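These figures come from a predicted structure and were not determined experimentally. The analysis underlying the following values was restricted to heavy atoms, covering all of them including side chains, and did not include hydrogens, waters or symmetry mates.
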Amino acid sequence: MLVLVAPGQGAQTPGFLTEWLDFPGVRGALEAWSDAAGLDLIRYGTEADAEEIRDTAVAQPLLVAAGLASASLLFEDPADLPRKVGAIAGHSVGEITAASLAGVLPHEEALRLVRTRGLAMAEAAAVTETGMAALLGGDPDVTLPHLEKLGLTPANINGAGQIVAAGTLEQLAALAEDKPEGVRKVVALKVAGAFHTHHMAPAVDALAKAAEALTPADPALAYVSNKDGRTVTAGTEVLERLVGQVANPVRWDLCMETFKELGVTALIEVCPGGTLTGLAKRALPGVKTLALKTPADLDAARELIAEHA
C-alpha cells in the first residue's frame, strides 16, 4: 500500500524548481498558479535567495506548487493517482498540497487559499518575534512538561524522536540554554514565526473568511489529517481542518500510526522531499521510502509505484 506525503515549510531551498521546468506542462502550470496566487512562483523557485523564500507569504505557495508539479509527473494519467495511491497526507502547509492532490480543491483554488494562508500567517508572526526549534531525541513524557514550564508549545509532534517547539525568541533562547533531559540537540528552524500555536489565531480568522467562498469535494482517496491522524472522508471537514490547523499542533506521529494501521508498504514524499521520508525511515521500519528531491528521482518513484500501487 502506497502513501503519498507533502512536506511543510522549511523544506524549500534556493533554485529547487529549476530542473523541474524542463518537463512538459510544468512551466505552464506554474504560470497559471502564479496568476492565481499573485506571485511569480517561477522566479522565486529558480532565482530567489534563501532569505526571499524564507518569507512565509512566499514559501507556502512555493511549496504547494512544487508538490503539485512533481506529483503530476508521477502518473501518465492524473486519474491514476487516486487509483494507485492508498492514502495521502501533508505536514503543515503540505496539507493543502495533499488536499488538492486528493481532489478536495482544484489546484488554482489551492494556490489562492495558500497565498491567503501565507500572508495571514506572516502578518500574525509580525506581531511578536517568534520562531520554532526542533528537539532531537528525548522522551516526550519528559520533554512536553519541560516545554510547558518554559511557556513553549509543542507545535509539531513528529514522532521518530522529534518534537518542534514554538514560542517567543526569548523562550526559545531559554530552551537552548536549558534542554530537556535526554534531548541531544536543539536546532532552530528556517521559519519566520511560531506556527501551529496561539500566536497564529488571527490567521485562522482570515483563512476562515477565504474558505467561505470555496466548495470542497470529498477526497478521492484516504486523506489523513495531521490534526489527529484521523482519516477524513468529507471535503467540508477537510477544509475546516485546513483552517483550524494553522493554530493547532501538527501530530505527524499520529499520521504515521495511521499509515501503519492502513498497511503502508511504501511512502513517496513529493518535492522538495526529504524531511518526512527521514521521519518515516525511523518510525516505519520495513517501509520503502523515496523523496522527490530532483527530477532524477522520478524513475525510481515510478518503479516504487508499480511495485506497491
Exercise. Restricting to pairs with a member in residues 15-50, which pass ring-ring contact (aromatic ring centres under 6.0 Å, His included), not counting sequence neighbours?
Worked result: Trp33-His107

For this session: Scan for ring-ring contact (aromatic ring centres under 6.0 Å, His included) pairs involving residues 148-169, sequence neighbours excluded, and state none if there are none.
Result: none

For this session: Go through the steps to decide whether Gln60 and Gln9 satisfy the test side-chain hydrogen bond (donor to acceptor under 3.5 Å, both in side chains), and finish with yes or no.
Result: CA-CA 6 Å; Gln60 293 191 10; Gln9 201 165 335; 3.0 Å; yes

Problem set entry | Path from Val64 to Leu214 over hydrophobic side-chain contacts below 4.5 Å | yes

For this session: Count the heavy atoms of every other residue, nucleotide or ligand shown that sit under 6.0 Å from CD of Glu307, and state whether that count exceeds 12.
Result: yes

For this session: Mind listing the closest non-hydrogen atom pair of Val114 and Pro61 along with its distance?
Result: CG1-CA, 3.6 Å

Exercise. So if you build clusters from Ile, Leu, Val, Met, Phe, Trp, Tyr with side-chain heavy-atom gaps below 4.5 Å, do Leu81 and Val3 land together?
Worked result: no

Exercise. Looking only at heavy atoms, what is the nearest atom pair of Thr197 and Ala155, with distance?
Worked result: CG2-CB, 4.1 Å

For this session: Report the C-alpha distance between Gln162 and Leu136 in whole Å, list the side-chain angles of each, state the deciding distance to 0.1 Å, and finish with yes or no for side chain to side chain contact (heavy atoms under 4.5 Å, CB included).
Result: CA-CA 5 Å; Gln162 186 187 106; Leu136 307 182; 3.9 Å; yes

For this session: Take Gln171 and Thr168 through the side-chain hydrogen bond (donor to acceptor under 3.5 Å, both in side chains) test and state the conclusion after the steps.
Result: CA-CA 5 Å; Gln171 290 167 336; Thr168 66; 3.3 Å; yes

Problem set entry | Donor-acceptor under 3.5 Å (Asp297 side chain, Thr294 main chain) | yes

Exercise. Any side-chain heavy atom of Val250 sitting closer than 4.5 Å to one from Ile157?
Worked result: no

Exercise. Among side-chain atoms of Ser92 and His196, is any donor-acceptor pair under 3.5 angstrom?
Worked result: yes

For this session: Please step through side chain to side chain contact (heavy atoms under 4.5 Å, CB included) for the pair Leu63 and Thr97, ending with a clear verdict.
Result: CA-CA 8 Å; Leu63 285 163; Thr97 312; 5.8 Å; no

Exercise. In terms of heavy-atom contacts, does CD of Glu129 have more than 12 from other residues, nucleotides or ligands at under 6.0 Å?
Worked result: no

Problem set entry | Approximate separation, where rounding is to 0.5 Å, of Lys227 NZ and Glu240 CD | 9.0 Å

Exercise. Out of curiosity, Leu304 CG to Asp299 CG, how far, rounded to the nearest 0.5 Å?
Worked result: 12.5 Å

Exercise. With a 4.5 Å limit on heavy-atom distance, are the side chains of Val164 and Leu135 in contact?
Worked result: no

Exercise. Closest approach of Thr130 and Ala194, non-hydrogen atoms and distance?
Worked result: OG1-N, 2.9 Å

Exercise. In the single-linkage hydrophobic clustering (I, L, V, M, F, W, Y; side-chain heavy atoms under 4.5 Å), do Leu74 and Leu2 co-cluster?
Worked result: yes

For this session: Would you indicate whether the side-chain heavy atoms of Thr265 and Lys288 approach each other to under 4.5 Å?
Result: no

Exercise. Is there a side-chain contact between Asp22 and Pro295, using heavy atoms and a 4.5 Å cut-off?
Worked result: no

Exercise. Given Thr231 and Tyr223, is the side chain to side chain contact (heavy atoms under 4.5 Å, CB included) satisfied, shown in steps?
Worked result: CA-CA 5 Å; Thr231 300; Tyr223 176 92; 5.7 Å; no

Exercise. CG/Leu239 to CD/Glu212 distance, rounded to the nearest 0.5 angstrom?
Worked result: 10.0 Å

For this session: Would you mind checking if Asp49 and Arg54 are paired as a salt bridge, meaning a charged N to carboxylate O distance below 4.0 Å?
Result: no

Problem set entry | Cluster check Leu262, Trp252: I/L/V/M/F/W/Y, side chain < 4.5 angstrom | yes

Exercise. According to a 4.5 Å side-chain heavy-atom criterion applied to Ile, Leu, Val, Met, Phe, Trp and Tyr, with indirect links allowed, do Met1 and Leu290 form part of one hydrophobic cluster?
Worked result: no

Seminar exercise, completed: Tightest non-hydrogen contact, residues Leu17 and Thr46, listed as C-CG2, 4.2 Å

Exercise. When rounded to the nearest 0.5 angstrom, what is the spacing between CD in Glu170 and OG1 in Thr128?
Worked result: 9.5 Å

Seminar exercise, completed: Residue pairs meeting side chain to side chain donor-acceptor pair (under 3.5 Å), one or both in residues 77-87, sequence neighbours left out, come to Asp80-Arg83

Exercise. Within a strict 4.5 Å, meaning less than it, do heavy atoms of the Asn226 and Pro249 side chains meet?
Worked result: no

Exercise. Applying ring-ring contact (aromatic ring centres under 6.0 Å, His included), which residue pairs with at least one partner in residues 140-182 are found, sequence neighbours left out?
Worked result: none

Problem set entry | Expected output: side-chain Glu269 to main-chain Gly274 donor-acceptor under 3.5 Å | yes

Exercise. Can you name the closest pair of heavy atoms from Arg302 and Leu73 and give their distance?
Worked result: NH2-O, 2.8 Å

Exercise. Donor-acceptor pair, Asp218 side chain versus Val104 backbone, under 3.5 Å?
Worked result: no

Exercise. Is the backbone of Ala66 close enough, under 3.5 Å, to the side chain of Ser70 for a donor and an acceptor to pair up by distance?
Worked result: yes

Exercise. Of the non-hydrogen atoms in Thr116 and Ala210, which two are nearest, and what is the gap between them?
Worked result: CG2-CB, 3.9 Å

Problem set entry | Glu95 vs His91 side-chain heavy atoms within contact, under 4.5 Å | no

Problem set entry | Residue of the set Leu62, Leu111, Val58, Leu119 for which side-chain contact (heavy atoms from CB on, under 4.5 Å) holds with Leu39 | Val58

Seminar exercise, completed: Those residues at least two apart in sequence (or on a different chain) that pass salt bridge (charged side-chain N to carboxylate O under 4.0 Å, His left out) with Asp253 are Arg251

For this session: Not counting sequence neighbours, which residues clear salt bridge (charged side-chain N to carboxylate O under 4.0 Å, His left out) with Arg230? List them please.
Result: Glu237

For this session: Kindly indicate whether the side chain of Leu147, heavy atoms from C-beta on, has any atom under 4.5 Å from the side chain of Thr153.
Result: no

Seminar exercise, completed: Distance col, row Leu276:CG vs Lys281:NZ, nearest 0.5 angstrom, shows 12.0 Å

Exercise. Sub-3.5 Å donor-acceptor pair from the side chain of Glu51 to the main-chain atoms of Asp55, do we have one?
Worked result: no

For this session: For side chain to side chain contact (heavy atoms under 4.5 Å, CB included), just list the numbers for Val270 and Val5, CA-CA rounded to whole Å, side-chain angles, deciding distance to a tenth of an Å, and then say yes or no.
Result: CA-CA 6 Å; Val270 298; Val5 297; over 6 Å; no

Problem set entry | Side-chain (Asn248) to main-chain (Gly244) donor-acceptor, under 3.5 angstrom | yes

Exercise. Does the distance from a Lys or Arg side-chain N to an Asp or Glu carboxylate O, for Glu257 and Lys260, drop under 4.0 Å?
Worked result: yes

Problem set entry | Arg241/Asp228 ion pair, N-O < 4.0 Å | yes

Problem set entry | Non-hydrogen side-chain atoms of Phe195 and Thr56 separated by less than 4.5 Å | yes

Problem set entry | Backbone of Leu41 reached by a side-chain donor or acceptor of Ser34 within 3.5 Å | yes

Problem set entry | Nearest-0.5 Å distance that lies between atom OG1 in Thr289 and atom CZ in Arg282 | 11.0 Å

